[in-house]
2 protein chains.
Amino acid sequence: MCPSREVLEHVTSRWGALTLAALSSEPARFGELRRCVDGISEKMLSQTLKGLEADGLVDRRVQSTLPPHVDYALTPAGEKVAAAVQALIVSLYDVMPDVMAVREGA
Amino acid sequence: MCPSREVLEHVTSRWGALTLAALSSEPARFGELRRCVDGISEKMLSQTLKGLEADGLVDRRVQSTLPPHVDYALTPAGEKVAAAVQALIVSLYDVMPDVMAVREGA
DNA sequence: CCGTATCCTTACAGATACTG
DNA sequence: CAGTATCTGTAAGGATACGG
């Protein structure tokens, strides 16, 4: 199975898309993301970020200060993918009226 | 949590995106989809199609002939979402060289 | 041909507690 | 603040066999 399938599964994993979307406006810190991505646990955020980082979509910058300060930002590749994810989310908002109508009607 | 989150999870579920992509070129039959979406089981295809149908993204047309003939097609709403999914996949292909490079380098 | 029903295994994901 | 470790339940997903 082609390697892009793996990346697709990372990006479209339960939290992958939301995390990319959260980073697309601006870099953010761990705690910010945790509050921003509604419902995500520390564990899953950490895991999701690691996956995206391993794929080269997210860049992790550590400042070894006290207390530690870590920023997560999109790489150029990440920006392209995140833009597509955003477009997908927008298209979803676009069709939500239809979706709701079908759900009721059924 | 907003209702669009549910639809997002359907669309970005393991097989959701691939199924939408497979339908975006033209309507297809169950068996065709099964062969087209590499690795999917009958159970998951059935389940995925049901979810997308319940969201009003996919239309199911049955001809009660013998043997039975069933076509799955995108609804107008489904077309919009599928287009966005396609764009996402294209963006992924676009960045795959970078991804591969990062994976090796690491 | 188009699915549904059943069984079974894994791995996803939440809660909690703890470390640098 | 920014995570990691462990423990545990749930449910997603695969294989197979059968029904309309």
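Order of the sequence lines sets the chain letters (A, B, ...), proteins ahead of strands, with each chain counted from 1.
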| message | Please find the pair of heavy atoms, one from B/R61 and one from B/A73, that lie closest to each other, and give the distance. | response |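 Heavy atoms only, the tightest pair is NH1-CB, 3.9 Å.
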
| field | Short side-chain N/O contact to D/dA11 OP1/OP2 from A/R14, under 4.0 Å | value |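 Result: no.
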
| B/R35 vs C/dC1: side-chain N/O to OP1/OP2 distance below 4.0 Å | no

Flag side-chain contact, heavy atom, 4.5 Å: [X] against [Y]:
X	Y	answer
B/Y72	B/D59	no
B/V58	B/T75	no
B/R5	A/D38	yes

| task | Within residues 19-34 of chain A, find the residues that approach DNA chain D with a heavy atom at under 4.0 Å, and present them sorted by residue number. | result |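 Output list: A/R29, A/F30, A/G31.
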
Please give, in whole Å, the distance from [N] [atom2] to [X] [atom1]?
X	N	atom1	atom2	result
B/H69	C/dG3	NE2	C1'	15 Å
A/I40	C/dA15	CD1	C1'	15 Å
A/R61	D/dA2	CZ	P	15 Å

| Any donor and acceptor pair, going by atom type alone, linking the side chain of A/R34 with main-chain N or O of A/I40 inside 3.5 Å? | yes

| request: To the nearest 0.5 angstrom, please state how far the CH2 atom of A/W15 sits from the CD atom of B/E9. | output: 6.5 Å

| said: Let me confirm one number: the CZ-CZ distance from B/F30 to B/R35, rounded to the nearest 0.5 Å. | reply: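 With rounding to 0.5 Å, CZ (B/F30) is 10.5 Å from CZ (B/R35).
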
| said: So if I take residues 43-52 of chain B and measure heavy-atom distances to DNA chain C, which residues fall below 4.0 Å? | reply: B/K43, B/S46, B/K50

Between the protein and nucleotides 18-20 of chain C, which nitrogen or oxygen pairs come in under 3.5 angstrom?
none

Table please: side-chain donor-acceptor pairs of residues 90-101 of chain B below 3.5 Å, with sequence neighbours left out.
| residue | atom | partner | partner atom | Å |
| --- | --- | --- | --- | --- |
| B/S91 | OG | B/L88 | O | 2.7 |

| field | Same cluster (ILVMFWY, side-chain, under 4.5 Å), B/L57 and B/V62 | value | yes

| said: Could you work out how much the helix from C/dC1-D/dG20 to C/dG20-D/dC1 bends, comparing the axis of its first five pairs with that of its last five, to 10°? | reply: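 For the helix from C/dC1-D/dG20 to C/dG20-D/dC1, the axes at opposite ends meet at about 50°.
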
Hey, can you pull the donor-acceptor pairs under 3.5 Å for the side chains in residues 41-50 of chain A, sequence neighbours left out?
| residue | atom | partner | partner atom | Å |
| --- | --- | --- | --- | --- |
| A/S41 | OG | A/M44 | N | 3.2 |
| A/T48 | OG1 | A/M44 | O | 2.7 |

| field | Test: A/R29 and A/D71 ion pair at under 4.0 Å | value |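 Looking at A/D71 together with A/R29, the answer is no, because their closest N to O distance does not fall below 4.0 Å.
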
| task | Assess whether side chain to side chain contact (heavy atoms under 4.5 Å, CB included) is satisfied between B/D55 and A/R103, documenting all intermediate values. | result | CA-CA 7 Å; B/D55 287 342; A/R103 288 210 183 155; 2.9 Å; yes

| message | Between A/S24 and A/V85, does the side chain to side chain contact (heavy atoms under 4.5 Å, CB included) criterion hold? Intermediate values first, please. | response | CA-CA 9 Å; A/S24 61; A/V85 169; over 6 Å; no

